[in-house]
Structure formats: C-alpha cells, structure tokens
Trainee: 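Below: one structure in structure tokens.
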Amino acid sequence: MKIGYPCINRSIGCSSGRTFRLSSYSDERLEETVRENLRCLEEILRYNLKESILFFRIGSGLVPFASHPVCTAPWEETFAEPFREIGRFAHEHGMRVSMHPDQFVVINAKDPGIVEKSVAELRYHAAVLDAMHLDGSAKVQIHVGGVYGDKKASMERFASVYSRLDEGILRRLVVENDDSRYTLADCLRIHEETGIPVLFDVFHHQLNPSGIAVAGAVEQSGATWRPGDGIPMTDYSTPMPGGRRGRHAESLDAADFEQFLAETAPTDIDIMLEIKDKEKSALAAVGIVRRDGRFLLPAER
DNA sequence: CCGTGTCAAGTCTGC
DNA sequence: GCAGACTTGACACGG
C-alpha cells in the first residue's frame, strides 16, 4: 500500500505547475517554465521519499499548453535528461506517480473536434510518463465524459474511441467513476466492453452510488487491473463538513480513514488522498497505516 | 507594488 | 441563453 496526494506540496515553497497566459506564449517562456517545474517536481519527490509518501499525482500543468497547437517546442528532447532522472529516482525508490487530465478531456464527445483535442491531451500525459521511462503502473485517469441525454449511446461512443487509441495511451489509461454522471457500475460495464481498468473513487461513489458496498467496490474495481498495471489505485476523500455538494474536506478524517482501511483490508490498494491540505493529510495517513500494522509500506519491506 | 479580474479546453444545472 | 459550478492557483494587468 502506498499513500499519495495530488499535484501540490504546500510545505516546500515551490510548484511543479507554474504557468503563464496563452497570450504570452513563446518557446523560451515554455522552456523556462518547464525547467522550473521539473526542478520542483524532483524536490517534491525527495520530500515525499523522506516522509514515506510513495505515491504522487503529477499535475497536468507540468508542461503548459503541451497539447495546444501553439506549442511547437520539442520539450521531450530538450528535457529528456531531467525527465529520465526523475523517473529513475522514482523507480529506484519504489515510488509511483500518476496523472489526471482535467474535465476538458471528453473522449466520448459528439463533436469530433473535442475528441481530437482530448486524444491530443491524453497523448501529452502519456508522453510525460514515457519521458520518465516509467512502466505501465504509472497511470492516466479520466472520467467517462458526457451523457448527452443518452447514456447507453455515450458509453458506446467511449468504447468505440477507446478501441482506436494507440498503445502508448492504452497501457496507461484507467477510467474513474464520477460524482454525478457515470457510476462505478457504469465503469465496470465499460470495462467489460473494453478491458479498461477501473479506478474507484470512494467519495464520488457516495455521491453517485450504484448499490455496491465499499468493500465490494474496491474488490470489483481491483479485479479489472491487468498484470503490469500495478496495484489498483483508489481515490479517497470525505465531504467538507457543511460544504457544498462535492467539496473535498480540508483535512484527513482519521476515524473515517481507519474505517476505510478496515473495510478494504483484504485488497491491497494504493490510495490517493484528495484532500485540501495535501501532504499534511498524507503524512497523517502514513502514520495511521503504519500503526495499523496490517500493511507494510514498500520502503520498509 | 499590490489587489484583483481572468485564465485553453467541456458538460450540465439552474436562473 | 447565459452564468456558474466543478477546483484552485496564480498570471498579469491596471491603478
């Protein structure tokens, strides 16, 4: 079991997602920004290792505008060395990374232009992980997409586009249940059609349930992961007390987290904590898992 | 220099 | 029909 947090570290005073406005794009500006972002990504991973946080979601802004037509800079070549070095560091220390393109990626869109842009964005995400020379356990997670008033047809469109993706994307892509449209049951059905592994999000599952208990949900989604995909990943969070629907909690709810560990104990999973205070909650979670005693963190094996 | 409006992209809800 | 949520930070403009 590895514990992780997404995209941002609030303790070390740098961001791997520095960006700039499209209107101020230049190849020089891009290179300058990516150089800084990679430097910070390495710093974050070093911090994480020190704290036994062995899972991290790399923010999509690592290479700003990478899938936009304006970006013609050969960033993969320019930064081949730092990418490889970061990947080597992660691999050497048994650390796992993932990515999560945001809501603009909709591969089941009706508009072919949107599908095309979405696929370009997936290609970028896969290229980052490829540049780090990581194996198939470094995942890119997306949602199913839009419903457009006909879920069945929209799920079929997902399967159809999926089947035409190239291998470089297919080996990394996993699909996650969302908080209002596609449930875990929908994702499992799509898995049956396509073979895509299902990433279970506990919080979304609460908001958008499909009659499966949490333990079964972890088990069933875990069974969709192929050899080479690594340990099944799970997104964990709890609602912000008194917050609007869908808001993530400010800090880890230790009691809830312990219960989640107990419920899912038979299945080994890597847990991504989608909690606002980021590495702070990850530190707390690592402490809980350690005390729990039933799991060993890979670094301590 | 600082406060704040705005930022590549999509879908869906609600006024 | 259009603004706002989703989730969030931070760029970059204007005062």
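Only this structure's heavy atoms are used, side chains among them; waters, hydrogens and symmetry mates stay out. Letters A, B, ... are given to chains in the order of the sequence lines, protein chains preceding strands, and every chain is numbered from 1.
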Trainee: So if I take every side-chain heavy atom of F20(A) and compare against dA9(B), dA8(B), dC11(C), which nucleotide ends up nearest?
Mentor: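 My answer, after comparing the listed nucleotides, is dC11(C).
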Trainee: Side chain of Q103(A) only, heavy atoms from C-beta on: which candidate in dG10(B), dC11(C), dA12(C) is closest?
Mentor: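 In terms of side-chain proximity for Q103(A), the closest of dG10(B), dC11(C), dA12(C) is dG10(B).
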Trainee: Regarding F65(A), tell me which of base, sugar-phosphate or nothing describes its non-hydrogen contacts under 4.0 Å with the strands shown.
Mentor: base
Trainee: Give a yes/no on whether any side-chain N or O of R21(A) is located under 4.0 angstrom from OP1 or OP2 of dA8(B).
Mentor: no
Trainee: Should the pair H68(A) and F65(A) be assigned to parallel (<30°), tilted (30 to 60°) or perpendicular (>60°) ring geometry?
Mentor: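 Rings of H68(A) and F65(A): perpendicular, as their planes differ by over 60°.
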Trainee: Flag yes if more than 12 heavy atoms outside R18(A) fall under 6.0 Å of its CZ atom; otherwise flag no.
Mentor: no
Trainee: Over how many whole Å does the gap from N9(A) atom CG to dG9(C) atom P extend?
Mentor: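 N9(A) atom CG is separated from dG9(C) atom P by 14 Å.
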Trainee: Could you tell me the separation between the CG atom of L122(A) and the P atom of dA8(B), rounded to a whole number of Å?
Mentor: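 Atom-to-atom, L122(A) to dA8(B), this comes out as 21 Å.
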Trainee: From CD of E250(A) over to C1' of dT7(C), roughly how many Å is that when rounded to an integer?
Mentor: 13 Å
Trainee: What is the distance, to the nearest angstrom, from the OH atom on Y182(A) to the P atom on dT11(B)?
Mentor: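 Those two atoms, OH and P, are 11 Å apart.
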Trainee: May I ask which nucleotide in the shown strands pairs with dT11(B), Watson-Crick or G-U wobble, both distances under 3.5 Å?
Mentor: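 dA5(C) is the nucleotide pairing with dT11(B).
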Trainee: In whole Å, what separates the P atom of dG5(B) from that of dG4(C)?
Mentor: 12 Å
Trainee: Heavy-atom nearest nucleotide on DNA chain C for K278(A) versus S23(A): which residue maps closer to 5'?
Mentor: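 Taking each residue's closest nucleotide, the earlier one in sequence belongs to K278(A).
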Trainee: Indicate yes or no: does D229(A) engage K139(A) in a salt bridge with an N to O separation below 4.0 Å.
Mentor: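 K139(A) and D229(A): salt-bridged.
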Trainee: If the P atom of dA8(B) is compared with that of dG14(C), how far apart are they to the nearest Å?
Mentor: 15 Å
Trainee: Is the Lys NZ or Arg CZ of R46(A) less than 6.0 Å from the centre of F89(A)'s six-membered ring, within 45° of the axis?
Mentor: yes
Trainee: Would K151(A) and Y182(A) count as a cation-pi pair here, with the cationic atom under 6.0 angstrom from the ring centre and within 45° of the axis?
Mentor: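 Relative to the ring axis of Y182(A), which defines the angle, K151(A) lies inside both limits.
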Trainee: Looking at every strand, decide which applies to V105(A) at a 4.0 Å heavy-atom threshold: base, sugar-phosphate, or nothing.
Mentor: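 Here V105(A) touches no strand at all.
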Trainee: Looking at dA12(C), I'd like to know if its phosphate oxygens (OP1 or OP2) sit under 4.0 Å from a side-chain N or O belonging to R29(A).
Mentor: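 For dA12(C), OP1 or OP2 has a side-chain N or O of R29(A) closer than 4.0 Å.
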Trainee: Classify the nucleic acid contact of S67(A) as base, sugar-phosphate or nothing, counting any heavy atom under 4.0 Å across all strands shown.
Mentor: base
Trainee: Between dC11(C), dA9(B), dT7(C), spot the one nearest the side chain of R18(A), thanks.
Mentor: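 Per side-chain heavy atoms of R18(A), the pick is dC11(C).
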Trainee: For atom P, what is the distance between dG10(B) and dC11(C), given to the nearest Å?
Mentor: 24 Å
Trainee: Taking the six-membered ring for Trp, are the ring centroids of Y5(A) and F55(A) within less than 6.0 Å of each other?
Mentor: no
Trainee: In terms of side-chain heavy atoms of V147(A), which of dC12(B), dC11(C), dG9(C) is nearest?
Mentor: dC12(B)
Trainee: Would F104(A) count as stacking on dG10(B) if stacking means ring centres less than 5.5 angstrom apart and planes tilted under 30 degrees?
Mentor: no
Trainee: In whole Å, what separates the P atom of dT7(C) from that of dT4(B)?
Mentor: 25 Å
Trainee: How close or far is atom P of dA5(C) from atom CG of D178(A), stated in whole angstroms?
Mentor: 19 Å
Trainee: Taking only the side-chain heavy atoms of R10(A) (C-beta and beyond), determine which of dA8(B), dT11(B), dG9(C) contains the nearest atom.
Mentor: dG9(C)
Trainee: Using 30° and 60° as the class limits, which term best fits the ring planes of Y236(A) and F260(A): parallel, tilted or perpendicular?
Mentor: tilted
Trainee: Check the distance between dC6(C)'s P and E176(A)'s CD and give it to me in whole angstrom.
Mentor: 16 Å
Trainee: Would you say a side-chain N or O of T19(A) is under 4.0 Å from OP1 or OP2 of dC7(B)?
Mentor: no
Trainee: Tell me: NE2 of H204(A) to P of dC6(C), nearest whole Å?
Mentor: 12 Å
Trainee: What distance, rounded to whole Å, do you find between the two C1' atoms, one in dA3(C) and one in dT6(B)?
Mentor: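 Here dA3(C) and dT6(B) have their C1' atoms 15 Å from each other.
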Trainee: Categorize S118(A) for me: base, sugar-phosphate, or nothing, with a 4.0 angstrom heavy-atom threshold over every strand shown.
Mentor: nothing
